[in-house]
Amino acid sequence: MDTKRQSILNVDDYEPGRYARTKILRQAGFEVLEAANGAEALSMVASKKPSIVLLDVNMPDMSGYEVCRRIRTNSATATTTVVHISASNIQTQHQVDGLDGGADSYLVEPVAPEVLIATVKAFLRARLAEESLRRSNEDLERFAYMVAHDLNEPLRTVSTYAQLLQKGLSGKLDENSSQHLKFIVEGAGRMRSLIQDILHYSQANRGEAELKPVDMEVALSRITASLESAIKAGGAALTHDPLPVVLADSRIEHVLQNLISNSLKYARAGSPAEIHISARSADGRWLFSVIDNGIGIAPEYQKAVFGVFRRLHGQNIPGTGLGLALCQRIIEDCGGSIWAESEPGIGSTFFFTLGHVS
Ligand code: ADP
C-alpha cells in the first residue's frame with residue numbers, strides 16, 4: 001500500500017500519549033503529523049489535508065466531538081476519516097455519540113499497537129478505493145461533457161441547414177423527400193435535447209450546492225407559466241397546497257419542473273393528467289410529493305428510473321432518460337433524498353425531502 005502519499009494527523013493534548021502513538025505509526029512507515037489541541041488540529045486538517053485524523057476526545061480548548069463536527073461541516077475537509085481515541089472507562093453512550101456525530105471509528109485506550117496500525121491500514125485501504133472510484137467518476141463525467149460539448153457544434157450546423165432546406169424547398173419536394181427532411185429536423189431536435197441533458201447532468205457536480213432559502217411557491221408559479229401550453233394542450237389539472245421556503249440550491253426549480261412535466265408526459269391515454277403538489281414538515285425536514293394519476297411505474301422499476309438513460313415507456317414519448325437521474329443528483333446535493341411510489345394504471349407519487357430554513 002502506498003502509505004507515503006497519505007498522512008495521518010495525531011491529535012492529543014497529552015504529550016506522552018501523542019508521542020507514543022506517533023512513534024508506533026512512524027515505525028510502521030506512516031507519515032505522521034501532530035497537533036496538541038483542537039484549534040491546531042483544525043488548522044492542520046485544512047492546510048495539510050491528512051487522510052486520517054486520530055482525535056483525542058478530551059482536550060482543554062475544544063472537545064474531539066466539536067473538532068469532528070467542524071471537520072464534517074467544512075466542505076473542503078468533510079470527507080477526512082476521523083477516528084476518535086479516548087481514555088479508558090468510557091461509557092458506551094460516549095462512543096455512540098462520537099460515531100453519530102460523524103466519526104468513522106472510536107478506539108478506547110489502551111489500544112494495542114498492532115490494532116492501531118491495522119485500523120489505520122484498513123482506513124487507508126478504504127480511502128484509496130474511494131479515491132480511485134471518485135477519480136474514475138470524474139474522468140467519465142469530464143469525458144461525457146467533452147463529447148456532448150463537441151457534438152453541439154456539428155449538430156447545430158446539421159439542424160440549421162436542414163431547416164433552411166426545409167424552408168427553401170417548401171412546396172417543391174415530393175411527399176417522400178419532404179418527409180425525409182422532416183425526419184432529419186426532428187432527429188436533430190431530439191439529439192439537441194439529449195446533448196443538453198448530458199451537459200446538465202455532467203455539470204451537476206456533487207457536493208458543490210450553494211444552499212440558500214428558495215421560495216417553492218414562487219418557483220412553482222414560474223414553472224406553471226413555462227408549462228402552460230403543455231398543461232392546456234392535455235387538459236391537465238395542476239393543484240397544490242401552500243408551499244414553503246426551503247433550504248436548497250437554485251437548481252431545485254429544475255427538479256420540480258421535471259417531475260411535473262413527467263406527470264404531464266406519462267398521463268394515461270384518455271385521462272387528462274391530474275397533478276397535485278404538497279409539502280409537509282416531517283422528521284425535521286420538508287417532505288414534498290408530486291402526485292399524478294398517470295400510467296404508473298411497476299414496483300421493480302421504481303428505483304431503476306433514477307438511473308441514467310433508464311426509460312420504461314414508449315419511444316413515442318419524448319425524453320432522454322436523464323431527467324430523474326439529474327433530479328436525484330440535485331436533491332442529494334441539497335442534502336435530501338428522492339424516491340417514487342406508484343401503482344401501474346393508477347398513478348405515481350414522487351417524494352423528495354429538503355431542509356428547513358433555520
Ligand atoms: P425521460 O422522461 O426523459 O424519459 P426521466 O429520467 O425523467 O426520463 O424518467 C425515466 C423514466 O421513468 C421515463 O422514461 C418513464 O418511463 C418513467 N417515469 C418518470 N416519471 C413518470 C411518471 N410520473 N409516471 C410514469 N412513469 C414515469
Side-chain angles (χ1 to χ4, degrees), residues 140-141 144 148 151 155 186-204 206 219-220 223-224 226-227 229-231 233-241 249 251-279 287-334 336-353:
L140 269 176
E141 271 161 25
L151 282 176
L155 178 64
E186 284 173 1
R190 275 203 304 280
M191 205 192 232
R192 192 197 301 279
S193 356
L194 180 59
I195 288 174
Q196 284 312 318
D197 281 2
I198 293 176
L199 285 175
H200 283 141
Y201 185 74
S202 57
Q203 281 175 309
R206 286 163 201 272
L220 180 63
I223 295 166
T224 320
S226 77
L227 293 176
S229 58
I231 293 173
L238 178 64
T239 55
H240 68 95
D241 294 344
D249 188 80
R251 294 170 301 162
I252 193 62
E253 189 166 324
H254 180 87
V255 173
L256 194 55
Q257 165 136 9
N258 204 284
L259 295 179
I260 297 172
S261 82
N262 275 354
S263 290
L264 292 167
K265 281 196 300 184
Y266 302 106
R268 262 175 295 145
S271 293
E274 284 170 21
I275 307 164
H276 183 73
I277 297 149
S278 68
L287 174 65
F288 282 78
S289 43
V290 178
I291 310 166
D292 69 40
N293 62 337
I295 48 187
I297 302 167
E300 64 271 30
Y301 297 121
Q302 286 167 15
K303 274 204 178 110
V305 286
F306 292 95
V308 288
F309 303 122
R310 291 305 296 262
R311 305 201 69 213
L312 306 180
H313 303 105
Q315 290 301 314
N316 51 336
I317 304 177
T320 60
L322 275 168
L324 288 177
L326 181 58
C327 288
Q328 184 172 45
R329 243 182 200 209
I330 295 172
I331 292 285
E332 286 179 356
D333 232 9
C334 296
S337 43
I338 181 166
W339 67 98
E341 287 175 12
S342 176
E343 223 179 301
I346 304 287
S348 311
T349 302
F350 281 80
F351 296 95
F352 62 90
T353 60

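On a predicted model such as this, the values are computed, not experimentally measured, just so you know. Counting starts at 1 for both ligands and their atoms, in listed order.
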Which residue supplies the protein heavy atom nearest to atom 3 (O) of ligand 1, what is that atom called, and how far is it? T320 N, 2.8 Å
For Y201, does the six-membered ring have the charged nitrogen or CZ of R329 within the cation-pi criterion, i.e. under 6.0 angstrom from the centroid and within 45° of the normal? yes
I'd like to check P299 versus Y301 (side-chain heavy atoms, cut-off strictly below 4.5 Å). Are they in contact? no
What are the atoms of ligand 1, with element, lying closer than 4.0 Å to any heavy atom of N258? 7 (O)
Distance alone, cut at 3.5 Å: any donor-acceptor contact between the side chains of H276 and D292? no
Please identify which atoms of ligand 1 are closer than 4.0 Å to at least one heavy atom of R310. 10 (C), 11 (C)
Give me the nearest non-hydrogen protein atom to atom 4 (O) of ligand 1 as residue plus atom name, then the distance to 0.1 Å. R311 NE, 2.5 Å
What is the ring orientation for F306 with F350, classed by angle as parallel under 30°, tilted 30 to 60°, or perpendicular over 60°? perpendicular
Single hit among L326, L194, I195 for side-chain contact (heavy atoms from CB on, under 4.5 Å) with T320: L194
Just need the protein heavy atom nearest to atom 21 (C) of ligand 1, so name the residue and atom and give the distance. Y266 CD1, 3.6 Å
Just which atoms of ligand 1 are under 4.0 Å from any heavy atom in L312? 14 (O), 16 (O)
Taking a cutoff of less than 4.0 Å between a non-hydrogen atom of the residue and any ligand atom, is F306 in contact with ligand 1? no
Heavy-atom contact check, 4.0 Å cutoff: does G294 meet ligand 1? no
Of L194, N262, I297, L324, the one whose closest heavy atom lies nearest atom 27 (C) of ligand 1 is I297
Pairs of nitrogen or oxygen atoms closer than 3.5 Å, one from P318 and one from ligand 1: do any exist? no
Counting N and O atoms only, with roles assigned by atom type, does the side chain of T349 sit under 3.5 Å from a partner on the main chain of I291, one being a donor and the other an acceptor? no
Atom 23 (N) of ligand 1 sits nearest the protein heavy atom D292 OD2, 2.9 Å
Sub-4.5 Å side-chain heavy-atom contact between I260 and T224: no
Return the residue, atom name and 0.1 Å-rounded distance of the protein heavy atom closest to atom 16 (O) of ligand 1. H313 ND1, 2.7 Å
Shortest protein contact, atom 12 (O) of ligand 1 (heavy atom only): V305 CG1, 3.2 Å
Would you name the heavy atoms of Q257 and I223 that are closest together and state the gap between them? N-CD1, 3.6 Å
Looking at R268, is its backbone amide N or carbonyl O close enough to the side chain of S271 to form a donor-acceptor pair, meaning the two atoms are under 3.5 Å apart? no
For K265, take its heavy atoms, then give the atoms of ligand 1 lying under 4.0 Å from any of them. 1 (P), 2 (O), 3 (O)
A student checking ligand 1 against G321 at a 4.0 Å heavy-atom cut-off should list atoms 1 (P), 3 (O), 4 (O), 6 (O), 8 (O)
